[in-house]
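A short write-up of the structure that comes next.
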Amino acid sequence: MKLRILAGIVLSVAVALTSCGADDGHEVVVSGAQALADAAGATAEATYIVDIESVVKVGGDDESEVRSNGHVARSGSMMSMSIEIPNTNGEVSMEFVAGDAARQFVRYVGMPDGSTLPSGWVELTEVPKGSEAAVMSSATVGSFLAAFQKVDAKVEDVGTTKRDGRTFRRFRTRIDLSPSVEFETENRVLGKVVHAMAKTVSDLDTDVEVDEDGHVVTIVYRTESAVGTTTTTMEFSGFGEPVKIETPTPDHTMTFDEFIGLVYPEPESSTEAIDESELIDRGDFIDAMNSESGLDESFAACVYDELRESSPRALLEESYESGMNQELAQAMASAGLVCGAEGG
């Protein structure tokens, strides 16, 4: 079924990109804030590596589970990040390097044939301040550490735990990361995505562990969205040890706006009206999304309506005759991110 490809794309990419801050209404007692702030500050100043795992369960069914992994390294002003992008067509990953002199590099590995993105490393120029999250489709590790240091951070000291002969101090926090992902853009599709991303990280409950040396070693946050329940774990290690981050040799140079236009393509302007009879039926679309991927019907309806408004050509029957092309997949991913936030 043609729509089975569609459902898989929305599930895999929406799972990789979406998570909404869940609010269970509990009261967070402000205590231990200074201890966590000191640990976060010490961690931010050190070299470190972080292993990241995100697990998404759809509808509470253990068999409907998607995992993705990432890796971050930090040394001084330089940072590298790689993250898996769940994909029905094989293994896809995104790599990002913030080099010296504020240079930024990105590449996608394993993209399917027909991708609009260039192969190899792309150096981005004319990069707006604060746009890293848009490129990486996630809040940065550094934004968590910065949030823990804010004077208005809500922190609860929940005692200690012992593991492998070591003692770790545990904290529970509620933080707002939305300022770290918001920025102005003229790209209408990216604008919606940025707004959705800001919403997902505006009220995050996190569990944090600090080791005996005063470094943050674990950050865990659990979120709810229209896609499912997400648990993300960040494990820090290698504090103060040499971390080699090489500045890539770029294969291409593009402005930030040019690159973003490929990742989040805006619908082509056309005076030719779209024949409504050629669009995928809304009911069939919703049924396929629900039956093939177990996604909530309201989420599937939101994706259809978002595509109908922003990228109607993505709903043309003929778009699926030869399978899922990359431009269509990217439109689906953007719609999935926006609707995941709206439903969280």
* Hydrophobic cluster identity match, V55 and I219, side-chain contacts under 4.5 Å -> no
* Structure fact -> Partner of R222 under side chain to side chain contact (heavy atoms under 4.5 Å, CB included), picked from D207, L204, T230, is D207
* Asked: Which residues satisfy the side chain to side chain contact (heavy atoms under 4.5 Å, CB included) test with A35, sequence neighbours excluded?
  -> R169, F171
* Asked: So how far is it from E209 CD to T167 OG1, rounded to the nearest 0.5 Å?
  -> 11.0 Å
Which atom pairs, donor and acceptor, lie under 3.5 Å between side-chain atoms of residues 231-244 and protein residues at least two apart or in another chain?
residue : atom : partner : partner atom : Å
T232    : OG1  : S54     : OG           : 2.9
E235    : OE1  : T218    : OG1          : 3.2
K244    : NZ   : E246    : OE2          : 3.3

* To do: Calculate, to the nearest 0.5 Å, the distance between atoms CG and CD1 belonging to L177 and I175 respectively.
  => 4.0 Å
* Asked: Does R188 reach the side chain of L190, with side-chain heavy atoms less than 4.5 Å apart?
  -> no
* Are V109 and V92 close enough that some pair of their side-chain heavy atoms sits under 4.5 Å apart? -> no
* Residue pair T206 / T173, side-chain donor-acceptor N/O under 3.5 Å -> yes
* Asked: Distance from R74 atom CZ to M79 atom CE, nearest 0.5 Å?
  -> 6.0 Å
* Output yes when a side-chain donor or acceptor of E45 lies under 3.5 Å from a complementary backbone atom of A42, and no otherwise. => no
* Verify whether one side chain among S178 and D176 offers a donor that lies under 3.5 Å from an acceptor in the other. => yes
* **The single option from Q104, H252, R103 passing side-chain hydrogen bond (donor to acceptor under 3.5 Å, both in side chains) against E123** => R103
